[in-house]
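Here the structure is laid out as structure tokens; the discussion comes afterwards.
Predicted model, so just to flag it, every value in this text is computed and none were measured. Both ligands and their constituent atoms are indexed starting at 1 by order of listing. One-based numbering along the sequence shown.
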Amino acid sequence: MTIPRVGFISLGCPKALVDSEQIITKLRTEGYEVSPTYQDADLVVVNTCGFIDAAVEESLDSIGEALAENGKVIVTGCLGAREEEIRDRHPQVLSITGAHAADEVVAAIHQHLPPVHNPFTDLVPPQGIKLTPKHYAYLKISEGCNHRCSFCIIPSMRGDLVSRLVDDVLFEAEHLAKAGVKELLIVSQDTSAYGLDLKYQKREWNGQDIDTRFYDLANALGDLGVWIRMHYVYPYPHVDNVIPLMAEGKVLPYLDIPFQHANHRILKLMKRPAAAENNLERILAWRKICPDITIRSTFIAGFPGETDQEFEELLQFLTEAQLDRVGCFAYSPVKGAAANELPNEVPEEVKQERVARFMAHQIEISAARLLKRVGKIETVLIDEVVNEGAVARSKSDAPEIDGQIFIDGATHLKVGDFVDVRLEEADEYDLWGALEM
Ligand code: SF4
């Protein structure tokens, strides 16, 4: 019996990664194997990203490479919504679907590479197949987005908000925790809007009624005894309710809030969710309730029409908000985005200069905030053990995007261990520490 083998290329954000995991889990339950090389694969799936033009190019190149190396290619993911563009460049692709289409992708694979029945391949762990290391996992709670930010085309690719029922999410989270996952990263396009489309439908969980709602979900996840980290939250008033859960230690004191700008006119032009809120006031109030909260954010510099003064306002906001982790991107027009029609495009060299000034300004703030933690004892999660010692993350650091904590010599530790570390040194991004006995 020859086992059918599928190659898999997963591009893009954590939400796309969750889609890939779902497809691979389905395939493994049906007896397919995942091949790490083009040559050993009978067919290749490319899960694409279409967020910015560079990601579109990368996706189209990956499809081209898979076609050249293997020849049988199925395309899915965000870029799949722009089928014509893919067909123009790569007419030989076997099938194209958009994001969050695991069933369609598996159906296409059945058609071009039928499954072979093998009773042993039913032995898939109940938590499914994860592409992240075993000790942390992304948990996708909804798909799509009801907003229409003018620089973004995600809603046209992924559609409006579709939340998963709260008991379904909790069931998966509980399985992951039982399987040894130590940290769950909650992802969606708009985590704070969770449940809105379901009118916060009441469900039953562990014999109790629970609403399909951001607060209720966070509260119930907090009972699982693992780290819960919230990503892509917008500063709506109801987010305030979750901050006490962070102060109590049920949910990590960490919020990933993509503010994108500080000036109200620009935020309105961007059509950002919660654009009318006073973000600074909100951040200060959160810090009063939970002084240890880490706030990560991203911003866009050089949005069409952004004046020098509006950019200065953004720098002033950084000074006052004292955010911990911040990324900044030069505005780049995405094909199909409404912002492309806005007047007064900012010249490329001005955009780049603003990004550089922004980062120089923020690096000082981030470095000063990290320095304040030196001397403290913090619980960290071990991500990797190398020859020189262990590499860990604290409650303030999400994997891949934030900093790390290096513990020299601690080679006896294991990935997934929680240990206490006395922090001894810091630079702009990372910390160094010693095990606290
Ligand atoms: S909130 Fe805005 S940026 Fe985020 S996915 Fe929705 S439309 Fe895009």
Side-chain angles (χ1 to χ4, degrees), residues 11-19 47-56 59 77-82 98-101 138-164 185-198 214 230-239 242 255-277 279 282 295-306 314 326-342 398 401:
L11 305 168
C13 63
K15 287 151 276 188
L17 188 73
V18 173
D19 285 351
N47 189 0
T48 57
C49 174
F51 185 46
I52 55 171
D53 288 353
V56 171
S59 295
C78 279
L79 187 63
R82 287 148 66 173
H100 200 47
Y138 293 97
L139 184 65
K140 184 152 70 171
I141 60 170
S142 64
E143 203 29 79
C145 178
N146 285 349
H147 301 293
R148 295 294 179 264
C149 298
S150 56
F151 55 81
C152 176
I153 54 166
I154 283 178
S156 68
M157 295 190 291
R158 293 190 168 237
D160 282 341
L161 177 75
V162 180
S163 302
R164 293 174 61 192
L185 300 118
I186 312 306
V187 294
S188 70
Q189 306 295 346
D190 178 359
T191 297
S192 32
Y194 174 65
L196 182 74
D197 53 309
L198 296 174
F214 179 48
M230 298 289 181
H231 288 278
Y232 314 113
V233 176
Y234 290 103
Y236 290 108
H238 73 269
V239 173
V242 174
L255 270 182
D256 176 4
I257 304 195
F259 287 116
Q260 308 298 17
H261 213 281
N263 172 271
H264 278 287
R265 191 187 76 89
I266 297 289
L267 285 170
K268 263 180 91 178
L269 285 177
M270 287 179 166
K271 297 204 163 70
R272 289 297 286 164
E277 297 297 326
N279 292 335
R282 185 136 267 131
I295 302 176
R296 133 166 293 277
S297 192
T298 49
F299 292 85
I300 295 174
F303 190 75
E306 182 190 61
L314 179 53
V326 176
C328 181
F329 302 96
Y331 172 74
S332 116
V334 175
K335 206 165 163 190
N340 300 348
E341 311 304 321
L342 291 171
I401 50 176

Without swapping roles, check the side chain of Asn279 against the backbone of Pro235 for a donor-acceptor pair under 3.5 Å. no
CZ (Phe303) and NE2 (His261) are apart, to the nearest 0.5 Å, by 9.0 Å
Tell me whether atom 2 (Fe) of ligand 1 has Cys149 as a neighbour, meaning an N, O or S atom of it below 2.8 Å.
yes
Atom 1 (S) of ligand 1 sits nearest the protein heavy atom Tyr234 OH, 3.3 Å
Exactly one candidate in Arg82, Arg158, Lys335 meets side-chain contact (heavy atoms from CB on, under 4.5 Å) with Ile153; the answer is Arg82
To the nearest 0.5 Å, atom OG1 of Thr191 lies from atom CG of Asp256 at 8.5 Å
Heavy-atom contact check, 4.0 Å cutoff: does Arg158 meet ligand 1? no
With heavy atoms and a 4.0 Å threshold, my read on which part of Pro258 contacts ligand 1 is neither
Rounded to the nearest 0.5 angstrom, the CD-OH distance for Gln260 and Tyr331 is 12.0 Å
For atom 6 (Fe) of ligand 1, the closest protein heavy atom turns out to be Cys145 SG, 2.2 Å
A student checking ligand 1 against Pro155 at a 4.0 Å heavy-atom cut-off should list atoms 7 (S)
The side-chain contact (heavy atoms from CB on, under 4.5 Å) partner of Lys140 among Ile186, Val187, Leu17 is Val187
Among non-hydrogen protein atoms, atom 8 (Fe) of ligand 1 lies closest to Cys152 SG, 2.4 Å
When distances are taken from atom 3 (S) of ligand 1, the protein heavy atom at minimum range is Arg272 NH1, 3.5 Å
